[in-house]
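This report refers to the structure that appears directly beneath it.
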Amino acid sequence: MRQQTSIRAVLAVTVLAAGLVIAPLGSAPVAQAAATAAPRGNVGKFQQQFVEEFKTTANWGGKFAKTYAGSWQPYPDGMSNMYWSGKQIRSLNGHMDVYLDGKHGAAGTFGTPTGAWDHKGGKFSVRAKATGGVGNGAAFMLWPTSNVWSDGEIDYPESNFEDSPMSHQHSMQPGNEVMATSQTTRASWRDWHVYSIEWIPGKSVRYLLDGKVISTVTWDVPTSAHRYMFQVGNWGAKGHLYIDWVSTYKYTG
């Protein structure tokens, strides 16, 4: 997403910067995904470890964080004077509802308090859509638990809400991390879609939209522990980011 203030996990890092490598995609637009339940069970060499469907209603003001303490590890309210996850997030009608008010961002990590930080490969899937929020955007990412940028950053989906969601796989060369191999989806945040990352450490990262591969990258592939998370900014028009479900898997090799 684009804004003069960059947002990233702990380290303020920028994306959608000059020098991105954009890979072409077929000209046909991507159709809206049909309603889907959260996946259950293993997928090939990916062993399911975590799934959350947000079926329990929990209000703003920190109640969501308490209710989903086993599934969601938020940034502390006021972090970097940008993120107010307790204030901005609730669950309703089976969705995680992130309210975009143009003044308060939100961010956090999916997973259990002990298991959210040590992903070394795996499959990561989220079903999401957004309404409003023009000028704001979301970044779902695998971010190194070390907080060392050159340990590898994988973003998908990421973009402003008025743009098509994209993937960005950043350079692991120290000092050159802003460079990324990127791919557009030609999809829309305004429709429900399932976004998946399949990461085999040191070998490849596949990006899937509604179960179909849109890109495979075999360079700048991380090997160290990462966490699966998202961020939205504290700018732009009012709106909502809705997350239907999240699922993570371990790569078994």
Side-chain angles (χ1 to χ4, degrees), residues 1-9 12 14-16 29-36 38 52-65 67-68 72 74-75 77-110 125-141 155-168 182 184-195 209-210 228-246:
M1 82 200 81
R2 296 187 296 271
Q3 173 66 1
Q4 68 274 16
T5 306
S6 61
I7 62 171
R8 271 296 174 272
T14 187
V15 296
L16 293 184
V30 179
Q32 180 178 353
T36 59
E52 181 56 71
E53 297 182 277
F54 307 108
K55 290 184 176 181
T56 301
T57 299
N59 215 337
W60 328 95
K63 294 181 180 179
F64 176 88
T67 301
Y68 289 94
W72 167 246
Y75 281 21
D77 280 357
M79 183 173 177
S80 301
N81 200 29
M82 180 182 294
Y83 301 111
W84 302 87
S85 302
K87 180 181 178 66
Q88 301 304 116
I89 299 176
R90 67 175 176 176
S91 54
L92 185 68
N93 299 324
H95 301 139
M96 182 180 185
D97 177 6
V98 185
Y99 177 49
L100 313 170
D101 66 358
K103 298 179 181 179
H104 304 88
T109 298
F110 296 110
S125 298
V126 61
R127 187 170 189 259
K129 69 175 290 186
T131 60
V134 172
N136 201 343
F140 289 80
M141 71 184 79
D155 306 316
Y156 182 66
E158 178 177 14
S159 71
N160 277 26
F161 293 130
E162 64 269 26
D163 298 330
S164 181
M166 298 182 69
S167 66
H168 302 291
S182 301
T184 182
T185 62
R186 298 187 184 274
S188 172
W189 284 102
R190 308 316 184 186
D191 301 322
W192 285 110
H193 288 289
V194 177
Y195 304 91
L209 179 70
D210 302 328
Y228 184 54
M229 56 173 295
F230 85 91
Q231 299 172 328
V232 296
N234 59 345
W235 50 78
K238 293 182 179 180
H240 294 263
L241 172 65
Y242 296 107
I243 299 171
D244 186 15
W245 51 258
V246 179

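For reference, positions follow the sequence shown, starting with 1.
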Closest heavy-atom pair and its distance - [X], [Y]:
X: His168; Y: Met166; result: NE2-CB, 3.7 Å
X: Val98; Y: Ala106; result: CG1-CB, 4.0 Å
X: Phe161; Y: Ala130; result: CD2-CB, 3.5 Å
X: Asp163; Y: Trp189; result: O-CD1, 3.2 Å
X: Gly86; Y: Asp77; result: N-OD1, 2.8 Å
X: Tyr83; Y: Val232; result: CE2-O, 3.8 Å

Measure the shortest side-chain to side-chain distance between Asn160 and Asn136 over non-hydrogen atoms and say whether it is less than 4.5 angstrom.
no
With a 4.5 Å limit on heavy-atom distance, are the side chains of Phe140 and Asp155 in contact?
no
Could you walk me through whether Ile243 and Phe230 satisfy the side-chain contact (heavy atoms from CB on, under 4.5 Å) test, starting with their C-alpha distance in whole Å, then the side-chain angles of each, then the deciding distance to 0.1 Å, before giving a yes or no?
CA-CA 11 Å; Ile243 299 171; Phe230 85 91; 4.0 Å; yes
Donor-acceptor check, side chain of Arg90 to backbone of Lys63, threshold 3.5 angstrom: yes or no?
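No; judged by distance alone, with no hydrogens or angles, the pair does not exist.
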Counting distance only, does the side-chain N/O of Glu52 pair as donor-acceptor with the main-chain N or O of Phe54 below 3.5 Å?
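Between the backbone of Phe54 and the side chain of Glu52 there is a qualifying donor-acceptor contact (under 3.5 Å).
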For the residue pair [X] and [Y], confirm or rule out a side-chain donor-acceptor distance under 3.5 Å.
X: Thr185; Y: Ser164; result: yes
X: Gln231; Y: Tyr75; result: yes
X: Ser125; Y: Trp245; result: no

Which distance, rounded to the nearest 0.5 Å, do you find between the [atom1] of [X] and the [atom2] of [Y]?
X: Ser167; Y: Tyr156; atom1: OG; atom2: OH; answer: 7.0 Å
X: Lys87; Y: Lys103; atom1: NZ; atom2: NZ; answer: 9.5 Å
X: Asn234; Y: Asn81; atom1: CG; atom2: CG; answer: 8.0 Å
X: Ser182; Y: Glu158; atom1: OG; atom2: CD; answer: 8.5 Å
X: Thr56; Y: Phe64; atom1: OG1; atom2: CZ; answer: 10.0 Å
X: Asp97; Y: Thr57; atom1: CG; atom2: OG1; answer: 11.0 Å

Which is it for Tyr228 and Val126 under the side-chain contact (heavy atoms from CB on, under 4.5 Å) test, yes or no, and what are the steps along the way?
CA-CA 10 Å; Tyr228 184 54; Val126 61; 3.5 Å; yes
Between Trp192 and His95, is the gap from one ring center to the other below 6.0 Å?
yes
Taking the ring centre of each residue, are His240 and Tyr99 less than 6.0 Å apart?
yes
Using a strict 4.0 Å threshold on nitrogen-to-oxygen distance, state whether Asp101 and Lys238 make a salt bridge.
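Result for this pair is no, no salt bridge flagged.
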Run the side-chain contact (heavy atoms from CB on, under 4.5 Å) check on His193 and Lys129 step by step: do they pass?
CA-CA 7 Å; His193 288 289; Lys129 69 175 290 186; over 6 Å; no
I'd like to know whether Val194 forms a side-chain contact (heavy atoms from CB on, under 4.5 Å) with Leu209, so could you lay out the CA-CA distance, the side-chain angles of the two residues, the decisive distance to 0.1 Å, and finally the verdict.
CA-CA 6 Å; Val194 177; Leu209 179 70; over 6 Å; no
Does the pair Trp72 and Ser85 meet the rule for a side chain to side chain donor-acceptor pair (under 3.5 Å), with working shown?
CA-CA 11 Å; Trp72 167 246; Ser85 302; 5.6 Å; no
